[in-house]
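We count ligands from 1, going down the list as the structure has it; atoms in each ligand are counted the same way.
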Amino acid sequence: MVNTKFSFIGFIILFTIFAVSCTNRVKTSDKEEFVEKLLSEMTLEEKVGQMNLIPYEGSNPEELRERIEKGEVGAILKSNGVAQNNAIQKIAVESSRLKIPIMFQEDVIHGYKTISPTPLAESCSWDLDLIRQSASIAAKEAAASGIHLTYAPMVDISIDPRWGRILEAGGEDPYLGSLIAAARVNGFQGTNLADTNTVMACVKHFAGYGASLAGRDYNIINFSERELVETYLPPFKAAIDAGVGSVMCAYTAVNCIPATANKHLLTDVLKNQLGFKGLLMTDWNTIPNLVKIGVAPNDTVAAKMALDAGVEMDMTSEVFIKLLPEMVRKGLVEEKVVDKAVRKVLNAKYDLGLFQDPFAYFSLEREKNTLLCKQNLAETKQIALESMVLLKNIQNTLPLNSNIRKLAVIGPFAKAKKDLMGWWWCKGMPEDVTSVYDGISQTISPKTELLYAKGCDIDSFRIAGREKISEAVSIAQNADAVVVVLGEEYWMSGEGGGKASLHLPSAQEELLAELKKTGKPIITVLITGRPYVLTDVVKNSDAVLQAWMPGTTGGEAVADILFGKFNPCGKLTVTFPYHEGQVPIYYNYRLTSHDFNGKDRYITKHLDIPNEPLFPFGFGLSYNHYEYGDIILSKTTMSSQDSIIASIKITNSGYFEGTEVVQLYLRDNVCSITRPVKELKAFNRVSLTPGESKTVDFKISPDMLSFIGGDLKPTIEPGDFTLFIGESSSSNEQIEFTFLNQ
Ligand code: BGC
């Protein structure tokens with residue numbers, strides 16, 4: 001009896017060990033061995049299947065099942081939810097020959113179900129911890145809904161607000177953009193990709209997509225090798241150094257060679273120089289696009305070009321799966337090139353823990369408890385608060401007194417919900433969003449009477465919808481103050497959202513001008529994805545809050561700022577033009593032979609507008625005034641072996657607690673190449689109570705003085721530098737120091 005019991009238990013133990021070792025090869029071998037063994041078992045078709053990334057949308061369930069069973073699908077995009085992805089995964093791990101799990105991918109750009117402010121908005125917080133946190137919330141929700149990889153962060157630097165995708169990036173500055181890129185990668189990926197609260201990040205679009213000419217999406221780009229190295233590559237480098245798991249190619253061409261077929265860009269630069277070791281995928285259909293663009297005569301040549309360039313996963317075109325096996329058999333492509341790519345896919349799946357447990361991400365209970373949970377909403381509201389930028393506030397129009405007698409809330413975006421989520425709302429639902437009107441009505445005292453008028457309709461981009469203006473004006477006349485919520489609809493920025501006019505669409509500016517005539521205090525709240533030309537908007541407002549597309553809790557955040565529950569602290573990370581004709585306009589321009597300012601004809605300016613932007617990079621007001629002391633340097637010379645400490649005293653001379661983003665810029669006074677008039681090199685967010693002073697120290701190290709020399713390699717030249725510390729890029733508080741050649 002004892003023996004029988006023992007042998008039964010022994011059988012169970014042995015069976016368990018056997019079962020675990022069958023489903024879980026990870027425990028018995030390290031990654032390389034595991035991947036090599038699996039690769040050696042794969043047929044050519046199965047290998048190419050792993051390189052195939054297909055969209056869920058439009059796929060016929062039976063066909064999808066058959067394709068997965070045959071091993072034709074490596075990854076699926078835009079398939080969401082635990083129930084659905086679990087069922088699909090079951091097919092892969094139970095019915096395909098090698099049981100290789102599917103990787104589920106999605107555009108989780110600024111939130112999954114709880115939507116954060118758009119990335120451009122978030123960048124205006126200059127709060128890297130909070131930006132990381134926002135990505136981590138998105139990752140938690142996406143992973144809880146069965147997603148393994150997100151197509152974010154987009155780190156394309158752009159200086160053109162006509163480009164709709166400017167909303168998806170971290171602003172115009174490569175230094176700040178790099179810090180944000182790393183923060184977002186860390187937020188998405190955490191410290192362990194196999195942790196089911198994280199997702200793999202896919203940094204995009206490699207490289208230079210943000211330079212699309214005239215702001216027309218997908219347009220050609222035309223920049224020098226220097227600009228590539230100085231401006232467009234640094235955020236990618238930062239993401240790679242932060243351990244990003246994958247990279248997506250751009251639609252555009254660098255040096256007239258489309259990114260997807262650009263061996264120099266993908267192999268020499270991305271893999272060899274920047275050291276990227278992860279998975280490289282195309283963007284949507286970019287392999288057959290090579291035929292459309294006219295650099296390949298047919299898909300076969302296009303596939304070869306992409307593979308030779310270094311591409312490893314084909315998003316949506318199915319060109320690899322259709323053509324590659326035959327190309328290998330015919331000797332057009334060596335199988336070892338395919339193997340190299342497949343290794344990357346298997347490595348990524350291994351890192352995500354998918355071989356360990358293909359179902360680890362699929363818990364219905366976790367999905368239910370994570371999406372839109374209270375904590376995610378509260379943290380998202382904090383980032384919305386910090387993202388908003390106060391652009392004008394004369395005579396302390398803001399904050400409003402919460403006992404105000406009659407407040408009119410007017411404008412086509414006052415009750416908007418979907419528009420607050422902006423482009424890339426993923427699984428966000430308008431009904432979960434708090435509108436500005438609702439946020440205000442939850443905040444006012446019971447004594448306040450709230451009035452409302454839509455003011456005008458948004459009729460695409462046409463100047464239309466004037467009919468409601470007079471009703472809005474009479475409502476405003478009846479109020480003590482008027483909050484006017486203007487902006488653009490969610491689809492007017494984002495991918496494919498290029499615009500020629502940067503004036504607010506429809507009759508909104510006219511509405512504002514009429515409201516201004518009432519003489520009531522006018523507070524304008526702007527719901528936009530991109531910078532607009534706000535010259536007249538600012539003229540016709542007493543206060544202006546750039547609220548961006550602030551996400552699910554955006555309306556609550558706006559109300560907290562309007563009523564002084566939160567003191568605004570956001571600073572612009574992109575220059576706001578005074579006129580469209582100035583675009584591209586950016587703070588770190590270079591000197592020319594002709595003056596920038598002055599009355600003379602022969603200076604570098606337009607005849608009809610000033611050179612200055614309406615609001616410079618780094619600008620943002622608060623309800624306080626912060627006084628800046630003198631800049632003090634620990635010494636005035638430095639060599640390559642040491643550093644200088646630059647200190648400045650900041651005093652909160654206002655009545656509110658607040659946070660000031662203290663910014664440090666450097667200028668290389670004389671250099672062998674033309675250099676920017678100033679470049680952001682450091683910043684510090686300083687929190688101060690009323691009356692409090694703090695001294696902020698910045699360490700100036702030699703690497704901050706380096707630049708890309710004439711040979712396109714980093715170098716430093718001795719000489720004098722000017723150091724600026726201030727509240728924006730236009731602050732002129734400055735001091736000089738010398739870098740000695742030692
Ligand atoms: C965009 C990418 C996006 C992809 C998948 C493309 O059109 O350029 O940024 O990740 O679609 O949706």
Side-chain angles (χ1 to χ4, degrees), residues 52-59 73-80 103-112 118-120 135 138-139 142 145 147-158 163-170 181 184-185 188 199-212 215-221 232 235-236 239 244-254 258-260 278-290 292-293 306 311-319 348 421-428 490-491 493-498 529:
N52 192 25
L53 162 60
I54 64 165
Y56 177 76
E57 255 169 44
S59 60
V73 180
I76 299 181
L77 72 146
K78 298 196 185 292
S79 173
N80 304 80
M103 194 200 296
F104 293 97
Q105 311 185 352
E106 178 58 279
D107 283 292
V108 187
I109 308 299
H110 54 111
Y112 182 77
T118 55
L120 179 61
S145 215
I147 299 298
H148 302 129
L149 178 146
T150 175
Y151 303 130
M154 187 188 100
V155 301
D156 300 312
I157 297 290
S158 172
W163 191 51
R165 294 193 87 166
I166 198 168
L167 112 167
E168 216 178 314
R184 298 197 72 210
V185 169
F188 286 126
V199 291
M200 181 178 278
C202 176
V203 66
K204 64 191 187 183
H205 305 83
F206 198 74
Y209 175 41
S212 295
R216 265 170 43 211
D217 213 352
Y218 324 115
N219 200 6
I220 58 160
I221 58 180
Y232 298 107
F236 284 97
V244 74
S246 64
V247 171
M248 187 190 295
C249 302
Y251 281 120
T252 38
V254 172
T260 303
L279 174 65
L280 175 58
M281 62 178 82
T282 68
D283 200 343
W284 197 285
N285 275 357
T286 56
I287 300 176
N289 281 357
L290 299 175
K292 270 173 114 179
I293 296 169
V311 163
E312 290 140 3
M313 187 173 253
D314 166 13
M315 186 195 287
T316 63
S317 83
E318 308 237 17
V319 165
M421 294 192 289
W423 194 252
W424 300 122
W425 57 92
C426 208
K427 295 291 147 189
Y490 72 93
W491 58 274
S493 277
E495 187 172 348

Run the side chain to side chain donor-acceptor pair (under 3.5 Å) test against [X] and tell me which residues pass, sequence neighbours left out.
X	answer
Tyr232	none
Asn289	none
Lys78	Glu106, Asp107

>> So that I know where these two stand, are Tyr209 and Trp163 an aromatic pair - ring centroids less than 6.0 Å apart?
In response: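 Yes - the distance between ring centres of Tyr209 and Trp163 falls below the 6.0 Å cut-off.
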
> Is the closest side-chain heavy-atom distance between Trp423 and Arg165 below 4.5 Å?
Replying inline: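 Not in contact.
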
Every pair of nitrogen or oxygen atoms between ligand 1 and the protein that is under 3.5 angstrom apart - can you list them with their distances to 0.1 Å?
unit_1	atom_1	unit_2	atom_2	d
ligand 1	7 (O)	Tyr251	OH	2.5
ligand 1	7 (O)	Glu495	OE1	3.2
ligand 1	7 (O)	Glu495	OE2	2.7
ligand 1	8 (O)	Arg165	NH1	2.8
ligand 1	8 (O)	His205	NE2	3.4
ligand 1	8 (O)	Asp283	OD2	2.6
ligand 1	9 (O)	Arg165	NH2	2.8
ligand 1	9 (O)	Lys204	NZ	2.8
ligand 1	9 (O)	His205	NE2	2.7
ligand 1	10 (O)	Asp107	OD1	2.6
ligand 1	10 (O)	Lys204	NZ	3.0
ligand 1	12 (O)	Asp107	OD2	2.4

>> Would you say Ser317 and Asp314 are linked by a side-chain donor-acceptor pair, where the criterion is simply a distance under 3.5 Å?
In response: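 Yes, Ser317 and Asp314 have a side-chain donor paired with an acceptor closer than 3.5 Å.
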
